[in-house]
K.L.:
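This is the structure I want to talk about, given as structure tokens.
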Amino acid sequence: MLEIKNLVKSFDGRKIIDDLKLTINDGKILTIVGPSGAGKTTLLRCLAGLETIDSGELIMDGVPFNPVEMANADQIVGVVFQDFQLFPHLSVLNNITLAPTIVLKENKQESTDQAMYLLEKLGLEGKENLYPYQLSGGQKQRVALARALAMKPKIIGYDEPTSALDPELREQVEKVILTLRDQGITQIVVTHDLDFAEHIADEMLTVESI
């Protein structure tokens with residue numbers, strides 16, 4: 001269980017997140033909806049250790065943690081960002097195996113086996129030798145998800161996972177997220193898409209700009 005207590009984050013003197021209190025139970029999907037500038041993506045970045053919090057506390061399974069100070073091998077929240085952030089010069093397989101071999105110290109065969117398993121689970125069989133420019137938007141997103149899952153985080157976060165996707169791909173993303181929930185993976189989904197949020201959410205948080 002992830003607990004967020006009294007989290008505050010400001011940029012240039014403007015509070016983006018003000019005294020946020022939140023609990024996310026294991027194996028559940030929390031959707032966060034609201035306008036741009038309301039702090040949704042900032043929250044994901046704070047949880048992933050990409051931004052420092054000004055004050056407050058993050059607690060995982062009863063133990064406080066600071067994601068900025070944690071080793072990558074102990075990552076609690078892995079995030080799939082809106083622009084996917086795939087390495088353009090690496091194949092799909094190498095995009096997924098790079099961090100596990102360097103950070104988790106997995107051997108090449110172990111990381112490759114895990115990557116192939118994730119690709120199959122996400123409907124990307126046969127795509128392992130392609131490069132990002134050869135993939136559709138939906139395929140890039142699933143590769144980014146496979147890369148996040150390969151690091152074995154306790155929680156997966158998504159930043160606008162249905163942005164610019166057509167209805168068919170939106171439905172595919174929905175199925176992937178619900179399948180991961182069935183497998184017991186805790187997920188946080190940031191989205192502008194209220195219908196999508198309502199379809200997948202166990203709990204929904206609506207935020208507003210401060």
Side-chain angles (χ1 to χ4, degrees), residues 29-51 75 77-100 111-112 114-153 155-183 185-202 204-205 207:
I29 299 172
L30 171 73
T31 58
I32 304 176
V33 298
S36 297
K40 304 186 303 300
T41 299
T42 298
L43 174 59
L44 285 184
R45 292 181 62 83
C46 288
L47 293 175
L50 301 174
E51 300 283 355
Q75 183 183 46
V77 181
V79 179
V80 181
F81 286 105
Q82 190 172 354
D83 60 0
F84 314 131
Q85 298 183 3
L86 299 176
F87 296 111
H89 62 291
L90 295 181
S91 68
V92 165
L93 181 61
N94 288 337
N95 260 285
I96 299 169
T97 59
L98 181 65
S111 62
T112 298
Q114 171 73 356
M116 296 301 289
Y117 166 75
L118 290 170
L119 288 172
E120 180 181 0
K121 187 165 71 170
L122 294 172
L124 291 166
E125 304 97 321
K127 306 296 185 185
E128 61 272 10
N129 294 320
L130 297 183
Y131 286 80
Y133 77 90
Q134 296 173 297
L135 303 175
S136 69
Q139 289 169 339
K140 289 177 186 177
Q141 184 177 64
R142 281 177 282 159
V143 172
L145 174 55
R147 185 175 63 179
L149 288 168
M151 289 298 291
K152 302 177 174 65
I155 298 171
I156 293 288
Y158 307 83
D159 182 23
E160 299 290 354
T162 61
S163 176
L165 296 184
D166 62 36
E168 184 177 350
L169 287 176
R170 177 180 175 275
E171 187 175 329
Q172 286 182 13
V173 170
E174 184 176 317
K175 286 179 179 177
V176 167
I177 291 173
L178 292 175
T179 297
L180 292 176
R181 181 185 65 184
D182 291 342
Q183 295 169 0
I185 296 175
T186 307
Q187 298 169 91
I188 303 171
V189 182
V190 161
T191 180
H192 284 92
D193 189 336
L194 185 58
D195 288 340
F196 174 73
E198 289 176 340
H199 282 165
I200 64 171
D202 294 303
M204 187 161 64
L205 172 68
V207 297

K.L.:
Mind listing the closest non-hydrogen atom pair of V77 and G157 along with its distance?
P.N.:
CG1-N, 4.5 Å
K.L.:
Can you measure from CG (D202) to CD (Q187) and round to the nearest 0.5 angstrom?
P.N.:
9.5 Å
K.L.:
Rounded to the nearest 0.5 Å, what's the gap from NE2 on H199 to CD on E174? Could you check?
P.N.:
6.0 Å
K.L.:
Do the side chains of F84 and L135 get nearer than 4.5 Å, heavy atoms only?
P.N.:
no
K.L.:
Heavy atoms, side chains only, cut-off 4.5 Å: are Q82 and V190 in contact?
P.N.:
no
K.L.:
What pairs meet the salt bridge (charged side-chain N to carboxylate O under 4.0 Å, His left out) rule with one or both residues in residues 82-100, with sequence neighbours excluded?
P.N.:
none
K.L.:
For the residue pair P161 and V189, establish whether any side-chain heavy-atom pair is separated by less than 4.5 Å.
P.N.:
yes
K.L.:
Sequence neighbours left out, what passes side-chain hydrogen bond (donor to acceptor under 3.5 Å, both in side chains) with E171? Give chain and number order.
P.N.:
none
K.L.:
Identify the two heavy atoms, one from K40 and one from G34, that lie closest to each other, and give their separation to 0.1 Å.
P.N.:
NZ-O, 2.9 Å
K.L.:
Give the minimum heavy-atom separation between M151 and A99, together with the two atoms involved.
P.N.:
SD-CB, 3.5 Å
K.L.:
May I have the step-by-step check of side-chain contact (heavy atoms from CB on, under 4.5 Å) for V173 and F196, ending in yes or no?
P.N.:
CA-CA 10 Å; V173 170; F196 174 73; 4.2 Å; yes
K.L.:
T41: what forms a side-chain hydrogen bond (donor to acceptor under 3.5 Å, both in side chains) with it, not counting sequence neighbours?
P.N.:
D159
K.L.:
Taking it one step at a time, do L122 and V143 satisfy side-chain contact (heavy atoms from CB on, under 4.5 Å)?
P.N.:
CA-CA 8 Å; L122 294 172; V143 172; over 6 Å; no
K.L.:
Which atom names give the shortest non-hydrogen contact between T97 and S111, and what distance separates them?
P.N.:
CG2-O, 3.5 Å
K.L.:
If you take all heavy atoms of R170 and D193, which pair is closest and at what distance?
P.N.:
NE-OD2, 2.9 Å
K.L.:
Taking atom NZ as the centre, does K152 end up with more than 12 heavy-atom neighbours from other residues, nucleotides or ligands that are less than 6.0 angstrom away?
P.N.:
yes
K.L.:
I188 and side-chain contact (heavy atoms from CB on, under 4.5 Å): which single residue from T31, V79, L44 fits?
P.N.:
L44
K.L.:
Is the shortest heavy-atom distance from the side chain of R142 to the side chain of K127 under 4.5 Å?
P.N.:
no
K.L.:
Measure the spacing between NZ of K175 and CD1 of I200 and express it to the nearest 0.5 Å.
P.N.:
14.5 Å
K.L.:
Within this structure, what is the CG-CG distance for the pair L118 and L149, rounded to the nearest 0.5 Å?
P.N.:
5.5 Å
K.L.:
Look at the side chain of Q134 and the backbone N and O of P132, then say whether any donor-acceptor pair between them is shorter than 3.5 Å.
P.N.:
no
K.L.:
How far does CG of L86 sit from CD of Q141, to the nearest 0.5 angstrom?
P.N.:
10.5 Å
K.L.:
To the nearest 0.5 angstrom, please state how far the CG atom of L93 sits from the CG atom of L119.
P.N.:
7.0 Å
K.L.:
Is the closest side-chain heavy-atom distance between I156 and L180 below 4.5 Å?
P.N.:
no
K.L.:
Restricting to non-hydrogen atoms, name the atom on A201 and the atom on M204 that form the minimum distance, rounded to 0.1 Å.
P.N.:
CB-CB, 4.4 Å
K.L.:
Test the R147-F87 pair against the cation-pi criterion, namely NZ or CZ under 6.0 angstrom from the six-membered ring centroid and within 45° of the ring axis.
P.N.:
yes
